[in-house]
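Below is one structure, written out as structure tokens; the observations come after it.
Numbered from 1 within each chain, the chains take letters A, B, ... in sequence-line order.
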Amino acid sequence: MIYKIEKNVIIITDKSQFDINHILKCGQIFRYKIEDGIATVFSLDKKAVVKTENGQTKIISSDLEYFVNFFDLNNNYTNVYNELTKFEFLKESIIFGKGLRILKQDLLESMVSFIISANNNIKRITNSLFYICEHLGQKVDDYYAFPTLKALKTASIEFFTIAGLGYRAKQLYATLQKLDANCLNDFIKMDFAQKQKWLISLSGIGEKVSDCILLFGDNQKYVFPVDTWIEKVYKNNFAQISAKNRFEMRKNLIKIFGEYSGLAQQFLFYYYRENNKKLLSK
DNA sequence: GCCCAGGGATGCG
DNA sequence: CGCATCCATGGG
């Protein structure tokens, strides 16, 4: 057990298991703020405030059970770290991002977030998502919830354009019109191949976005989202393993990292994106 | 003005 | 199939 709950606060003392800065800044989530060292995280209609003082992390929320699952706190990462460290290539990335964890986010919120992420930058993705919440989500205390599917389906293409989605506005609109509570429930019962096939059949979702949704919104391990950064990492470090395109890079990387693919990808994305100038030339 | 950002859809051979 | 091209938009 890496946490305890005292006086309605989750307490974590092992920073090698949980570093809120790395968890939030590694690109898996967009709805968060860090001000004066205090992090605020939003997921669906929930909010958590995360403070770290004297090496002790406190998570404060009105729904602790939700955030125990969200932060995957019943999963001890010690063993995973030991296995990941065996990959020499990952060592620097793991040292840099020690305490990074894969969040267990909502499926629909992940779908919307990563459809918007395509060929976009993180700042603009963040602004768009907050805008959508402010205008379609219910107000809760001092913030806005992620909208319900019903609310999202009422939004027009024009609304999403104003939200800054660019050409992704009509893609998101089209996908939302295809969704309902039934198909999201059916998704849970599908096997991996069916899930991937269904996701890619939707507008605005290709292989990379599908991998992000499966990794962050469905806790899948055998995925390796290859975006522009991972492509650079590949060209700089795996040039000897020939790959014509991102599809082949993904296949090769999953073959190398196996069940640790999703997490390895996240460490690499974070490390190389944060340090790109000195590490990547191609 | 150019290039880039957590790529995907489309059309052409 | 593989591949080239287009797609909005803000920032560097």
Side-chain angles (χ1 to χ4, degrees), chain A residues 22-32 93 96-97 100-103 105 107 109-132 155-178 196-218 220 223-236 242-251 253-254 257 261-277 279-282:
Chain A
H22 296 331
I23 290 169
L24 298 179
K25 291 167 74 177
C26 70
Q28 62 182 323
I29 184 167
F30 305 102
R31 291 204 302 138
Y32 72 89
S93 304
F96 179 78
L100 188 161
R101 307 173 74 80
I102 302 290
L103 297 171
Q105 302 189 61
L107 178 64
E109 186 167 350
S110 298
M111 291 174 72
V112 173
S113 300
F114 284 93
I115 285 173
I116 295 172
S117 79
N119 195 25
N120 205 341
N121 61 69
I122 290 177
K123 184 62 184 168
R124 201 154 72 101
I125 299 163
T126 301
N127 290 342
S128 292
L129 284 168
F130 274 117
Y131 184 93
I132 289 171
S156 64
I157 295 175
E158 289 71 25
F159 169 80
F160 289 126
T161 301
I162 294 168
L165 270 66
Y167 60 83
R168 306 163 201 85
K170 56 183 175 186
Q171 297 175 341
L172 177 58
Y173 177 85
T175 287
L176 286 171
Q177 299 314 312
K178 280 192 177 179
Q196 190 185 41
K197 186 177 177 184
W198 179 68
L199 286 172
I200 291 178
S201 76
L202 296 168
S203 180
I205 303 179
E207 186 165 68
K208 187 271 172 185
V209 169
S210 165
D211 266 5
C212 286
I213 295 167
L214 289 166
L215 177 57
F216 306 126
D218 196 45
Q220 294 287 342
V223 295
F224 213 110
V226 180
D227 73 319
T228 169
W229 291 104
I230 295 297
E231 182 174 353
K232 286 180 206 170
V233 172
Y234 194 99
K235 287 178 176 172
N236 278 272
S242 71
K244 287 178 193 168
N245 50 40
R246 293 184 176 185
F247 177 83
E248 291 188 4
M249 293 177 193
R250 174 189 190 275
K251 191 176 67 176
L253 290 163
I254 291 176
F257 295 107
S261 292
L263 191 58
Q265 191 274 356
Q266 205 50 34
F267 274 106
L268 291 171
F269 173 83
Y270 181 51
Y271 179 55
Y272 284 90
R273 183 171 174 274
E274 294 281 325
N275 301 284
N276 66 87
K277 285 172 188 163
L279 295 172
L280 300 171
S281 56
K282 295 175 188 172

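Counting to the nearest Å, the P atom of dG8(B) and the CD1 atom of Ile213(A) are 9 Å from each other. Atom CD in Glu248(A) sits about 14 Å away from atom P in dC1(C), given to the nearest Å. Taking atom OH of residue Tyr131(A) and atom C1' of nucleotide dT9(C), one finds them 15 Å apart after rounding to whole Å. Between Leu199(A) atom CG and dA9(B) atom P there is a gap of 12 Å when expressed in whole angstrom units. The interatomic distance linking Lys244(A) (NZ) with dC1(C) (C1') rounds to 10 Å, in whole Å. If you measure from atom CG of Asn120(A) to atom P of dG11(C), you get 12 Å, rounded to the nearest angstrom. Atom pair Arg246(A):CZ and dA9(B):C1' shows a separation of 15 Å (rounding to whole Å applied). Distance, Ile162(A) CD1 to dT9(C) P: 11 Å, rounded to whole Å.
As judged by a 4.0 angstrom heavy-atom cut-off over every strand, Leu165(A) is placed among residues making no nucleic acid contact. Across all strands shown, Phe216(A) has heavy atoms under 4.0 Å from base atoms, whether or not it also approaches the sugar-phosphate. Counting non-hydrogen atoms under 4.0 angstrom, Glu207(A) reaches the backbone sugars and phosphates but no base. Note on Gln266(A): a base of the nucleic acid sits closer than 4.0 angstrom, heavy atoms only. Within the nucleic acid shown, Gly204(A) comes within 4.0 Å of sugar-phosphate atoms alone, with no base atom in reach, counting heavy atoms only. Ile116(A) comes within contact range of no nucleotide atom at all, as no heavy-atom separation falls under 4.0 Å.
Counting heavy atoms from C-beta on, the side chains of Leu100(A) and Tyr270(A) come closer than 4.5 Å.
Ranked by how close their nearest DNA chain B nucleotide is to the 5' end, Ser203(A) and Phe114(A) are led by Phe114(A).
Between the P atoms of dT5(C) and dC3(B), the separation comes to 14 Å (whole Å). Atom name P, nucleotides dG10(C) and dA9(B): the rounded distance is 23 Å, in whole Å. With both ends at atom P, the span from dG11(B) to dA8(C) equals 14 Å, rounded to whole Å. Nucleotides dC6(C) and dC2(B) place their P atoms 14 Å apart, quoted to the nearest Å.
Taking OG of Ser128(A) as the reference point, atom CG of Asn120(A) lies at 6.5 Å (rounded to 0.5 Å). Between the CD1 atom in Ile230(A) and the CG atom in Asp211(A) there is a gap of 11.0 Å [rounded to 0.5 Å].
The side chain of Asn119(A) lies closest to dA8(C), out of dA8(C), dG8(B), dC3(C).
Annotation: salt bridge (charged side-chain N to carboxylate O under 4.0 Å, His left out) contacts involving residues 155-173 of chain A, sequence neighbours excluded, are absent.
Of the residues in residues 121-130 of chain A, those placing a heavy atom less than 4.0 Å from an atom of DNA chain B are Asn121(A), Ile122(A), in numerical order. For residues 166-175 of chain A, proximity to DNA chain C is found at Gly166(A), Tyr167(A), Arg168(A), defined as any non-hydrogen atom under 4.0 angstrom from a strand atom.
Between Ser113(A) and Leu129(A), the shortest heavy-atom distance links the atoms OG-CD1, 3.6 Å. When every heavy atom of Ser93(A) is checked against every heavy atom of Tyr271(A), the shortest pair comes out as OG-CD2, 3.1 Å. Pairing each heavy atom of Phe114(A) with each of Cys212(A), the nearest pair is CD2-CB, 3.5 Å. In terms of heavy-atom proximity, Phe30(A) sits nearest to Phe130(A) at O-CE1, 4.0 Å.
Using a cut-off of 4.0 Å between Lys/Arg side-chain N and Asp/Glu carboxylate O, Lys25(A) and Glu274(A) are scored as not salt-bridged.
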Please assess Arg246(A) against Glu207(A) for the test salt bridge (Lys or Arg N to Asp or Glu O under 4.0 Å), listing each intermediate value before the final yes or no.
CA-CA 9 Å; Arg246(A) 293 184 176 185; Glu207(A) 186 165 68; over 6 Å; no
